[in-house]
Amino acid sequence: MRRFNSLTEVRHELAAGTTSCRQLVEYYLDNIRRKQHLNAFLEVWPEEAQAQAAAVDAKLAAGTAGRLAGMVIGLKDVLAYEGHALQSSSRILDGFRSLFTGTAVQRLLDEDAIVIGRQNCDEFAMGASNETSYFGPARNELDPDRVPGGSSGGSAVAVQADLCLASIGSDTGGSVRQPAAFCGIVGFKPTYSRISRYGLIAYASSFDQIGTLTRSVEDAALLLEVMAGPDQFDSTVSQRAVPAYSQQLAPAPHYRIGYIQDCLERPGLNPEIKAATERALDQLRGQGHLVEGVEFPYLDFIVPTYYILTTAEASSNLSRYDGVKFGYRAPDVTDLESLYKKTRAQGFGPEVQRRILLGTFVLSASYYDAYYTKAQRVRRLIKEKTDELLRDYDFLVLPTTPTTAFRIGDVNKDTLAMYLADIFTVQASLAGVPAISVPNGQDSEGLPIGLQILSGAFREEHLLAFASSFTQASAPQVA
C-alpha cells in the first residue's frame, strides 16, 4: 500500500474499493512494528483499532460514515481517552488510566476517526526535543540520531514516518509547530479557546492548546472543523460558531504580508533557514502579494516572558501529583511529608522539577511583583503589538525555528539553548493567535525547514487557505 498524503486520497481509494479501513489499519500497524526504533508510540491498540476499522467499513458500505472515516490517528500522551493509559510521558502517572474521554478526542471518534495508539512526548509537554520523556527520546526518521522536536515529537514522527495519517498534539509555546518543522510536515495551532481543553493534561492553562500534525493543510482544516466549538465542560472555550474550514481553502488573490525583520537578522539563525525564508518571501512577492518588513520591538522579551508565566502556571497545575490520589507512589516513605517529597522527586524528571522550582520562585511573596506581575504586563504589550500588526497585515511570516533538527544530546544539557529554540514560536502563544508551520524546503544535509504563518485571532479560515496555497505553489521545491 502506498503512502497517503491526505484523507481525500484515502477516501478516493475507499470509494473505488481498492482498499478498506481494515487494510489501512494493518498497513499502519505493520509500519509501527518495522519502525519501533523511532520510539514514536508508547502504546498501540491493534485489536481496538481493527474493531473500529471494521465498524467504519460497515458504515461506508451503508453510506452512514462520518467525515473522518478512513483517517487513522494517534494521540499525544496528554489527551484523555477513557479506559486507556495516560501518563504525559512521566513516571509519576505510572499505572494511571483515564476515567473519561476528552471533548476533542470524542468529537474525532464521533466522526469515525480510528485511534491507533498514544504517542511519546516530552514529560508533561515540557521540552523542545522529546528528550525529557520518561520513556526515552523519539527519533527523527530522516536521521535517527537527531531529535524530532518537541514536545509533540512522537506525534510528529508518527506522521513523518507514515505510522498514521494524522496526529493530535498540544501546543503551549510551539510544541506542534516546532516538531512539524523538524519533520517536514504541517503543524497547526488554532486560536486559544477555539478547541476545548477538557481532557488535555494541563501544563500552562492560559497557553495550552490542542493542535494537529498532518501531511496536508487540507487535513488540518478538517480536523479543526471537527474538534472546534463550544463545550459545556470547558468554561474558557469560545462560543463562536465553527466555519466549514475544509470548504474554505480557496485563497484571496492578494494579501498584505508582513515579516519581522529582526527575526531574519537574529544571531544564531541558521543561514540556510534565513535563505529559505527569503526565497519564500520572494515567491510571495512574485505571486502579487504585498510583502513588507515590520518592526517588533519586544523580540528579546518573548522567551523570558513565556518561561516566567508558564513555569508559574506549571508549578500550580502539577501540585496535584503527590502520590496520594493516583499514579506513582514512592515505596520507601515513613510519613506524609516524606510521601510528598520522595514521590515527586522520584516521579518527576529533571526538567519538570526545574520548571516547578522556577515557577514556585516567581510566585513567591518576595518575587511575585518583580517577576510574575511584570511578565503579565509584558505579555499584554506583546499581544497588543501583535494584534496591531495583524490589523495592518493579513499575515505575519517568519521562520518556525532558528535551526534544523539537532542531534540528540547536543542541546539537552544546555537549558538556555533549549529554551531559545522556542524564540519564533512563542509569540503566537503569548498573543493567543493562530499559527501554522508548513514545509519550506531542506538544508544542505536534507533536513526539513519550516515556515511559520500567523493570522489574527479566529481568522483560521484565511490562515489555512493561505497556507494551503503556499504549500501547493512551493510543492516542487519542498519535495
Side-chain angles (χ1 to χ4, degrees), residues 3-9 140-143 146-150 152-153 155-167 169 171 174-189 211-221 223 249 251 257 259 263-264 269-284 286-287 395-406 421 424-425 428 434-455 463-479:
R3 178 190 294 251
F4 293 104
N5 290 315
S6 70
L7 181 60
T8 297
E9 294 181 9
N140 197 308
E141 187 196 25
L142 290 172
D143 181 354
R146 294 181 184 269
V147 304
S152 305
S155 300
V157 170
V159 176
Q160 175 198 41
D162 201 25
L163 311 184
C164 58
L165 183 61
S167 295
D171 191 307
S175 293
V176 159
R177 292 162 284 151
Q178 188 247 23
F182 279 7
C183 294
I185 60 174
V186 176
F188 173 59
K189 179 200 86 74
T212 60
L213 294 125
T214 59
R215 300 187 65 82
S216 71
V217 176
E218 173 189 348
D219 283 356
L223 288 168
L249 293 179
I257 300 168
Y259 66 93
C263 290
L264 297 182
L269 176 64
N270 183 315
E272 293 186 78
I273 293 179
K274 177 181 178 180
T277 305
E278 289 174 337
R279 284 196 299 271
L281 295 172
D282 289 340
Q283 175 186 322
L284 293 170
Q287 293 170 359
F395 308 107
L396 294 179
V397 172
L398 61 159
T400 307
T401 60
T403 68
T404 51
F406 42 85
F424 297 142
T425 54
I436 191 168
S437 176
V438 294
N440 187 33
Q442 300 172 338
D443 69 4
S444 56
E445 296 183 272
L447 298 173
I449 294 171
L451 183 75
Q452 186 182 193
I453 310 166
L454 282 62
S455 74
L463 175 62
L464 292 164
F466 176 61
S468 178
S469 173
F470 176 83
T471 57
Q472 291 173 24
S474 60
Q477 300 96 293
V478 172

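Residues take their numbers from the sequence shown, with the count starting at 1. Bear in mind that the values here come from a model prediction, so they are computed numbers and not experimental data.
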ask   = Got a second to check how far Thr8's OG1 is from Asp219's CG, nearest 0.5 Å?
value = 6.5 Å
For the student: nearest non-hydrogen atoms of Cys263 and Leu269, plus distance = O-CD2, 3.3 Å
task = Please check if the side chain of Thr277 supplies one atom and the backbone of Ile273 the other of a donor-acceptor pair under 3.5 Å.
result = yes
task = Take Phe470 and Gln283 through the side-chain contact (heavy atoms from CB on, under 4.5 Å) test and state the conclusion after the steps.
result = CA-CA 9 Å; Phe470 176 83; Gln283 175 186 322; 3.9 Å; yes
ask   = Just wondering, do Thr212 and Val176 contact through their side chains at under 4.5 Å, heavy atoms?
value = no
Check: Ser444/Glu272 side-chain N/O donor and acceptor closer than 3.5 Å = yes
query = Is there a donor-acceptor pair under 3.5 Å between the side chain of Ser469 and the backbone N or O of Ala465?
reply = no
task = Specify whether Phe466 and Phe395 have parallel, tilted or perpendicular ring planes, treating 30° as the upper limit for parallel and 60° as the lower limit for perpendicular.
result = parallel
ask   = Do Arg146 and Glu445 pass the salt bridge (Lys or Arg N to Asp or Glu O under 4.0 Å) test, and can you show the C-alpha distance, the side-chain angles, and the key distance before you say yes or no?
value = CA-CA 12 Å; Arg146 294 181 184 269; Glu445 296 183 272; 3.3 Å; yes
Flag for Ser216-Ser6: side-chain donor and acceptor within less than 3.5 Å = no
task = Report the C-alpha separation of Asn440 and Val397 in whole Å, then their side-chain angles, then the decisive distance to 0.1 Å, and conclude whether the side-chain contact (heavy atoms from CB on, under 4.5 Å) test is met.
result = CA-CA 12 Å; Asn440 187 33; Val397 172; over 6 Å; no
query = How far apart are the closest heavy atoms of Leu142 and Gly446, and which atoms are they?
reply = CD1-O, 3.9 Å
query = Where is the tightest heavy-atom contact between Ser437 and Ala181, given as atom of each residue plus distance?
reply = OG-CB, 3.8 Å
Any donor-acceptor pair under 3.5 Å from Thr400 side chain to Gln452 backbone = yes
query = Got Pro179 and Ser152 here, is their nearest side-chain heavy-atom distance under 4.5 Å?
reply = yes
query = Roughly how far apart are Phe188 CZ and Thr214 OG1, rounded to 0.5 Å?
reply = 10.0 Å
inquiry  = For residues 156-167, which residue pairs pass the salt bridge (Lys or Arg N to Asp or Glu O under 4.0 Å) check, not counting sequence neighbours?
reply    = none
ask   = Do Gln160 side-chain atoms and Asn140 backbone N/O form a donor-acceptor pair below 3.5 Å?
value = no
side-chain contact (heavy atoms from CB on, under 4.5 Å) partner of Arg177, the single match among Thr425, Ile453, Thr401, Ile436 = Thr425
message = Are Val186 and Pro439 packed together at the side-chain level, in the sense that at least one heavy-atom pair is separated by less than 4.5 angstrom?
response = yes
message = Ignoring hydrogens, what is the shortest heavy-atom contact between Val438 and Ala467? Give both atom names and the distance.
response = CG1-CB, 4.1 Å
Main-chain N/O of Leu165 paired to Arg215 side chain as donor or acceptor, under 3.5 Å = no
inquiry  = Rounded to the nearest 0.5 Å, what separates atom CG in Leu213 from atom OG in Ser155?
reply    = 6.0 Å
request  = Kindly indicate whether the side chain of Pro148, heavy atoms from C-beta on, has any atom under 4.5 Å from the side chain of Cys183.
outcome  = yes
task = Check whether any side-chain N or O of Gln178 sits under 3.5 Å from a backbone N or O of Gly150 as a donor-acceptor pair, and report yes or no.
result = yes
query = Looking only at heavy atoms, what is the nearest atom pair of Ala421 and Pro402, with distance?
reply = O-CD, 3.7 Å
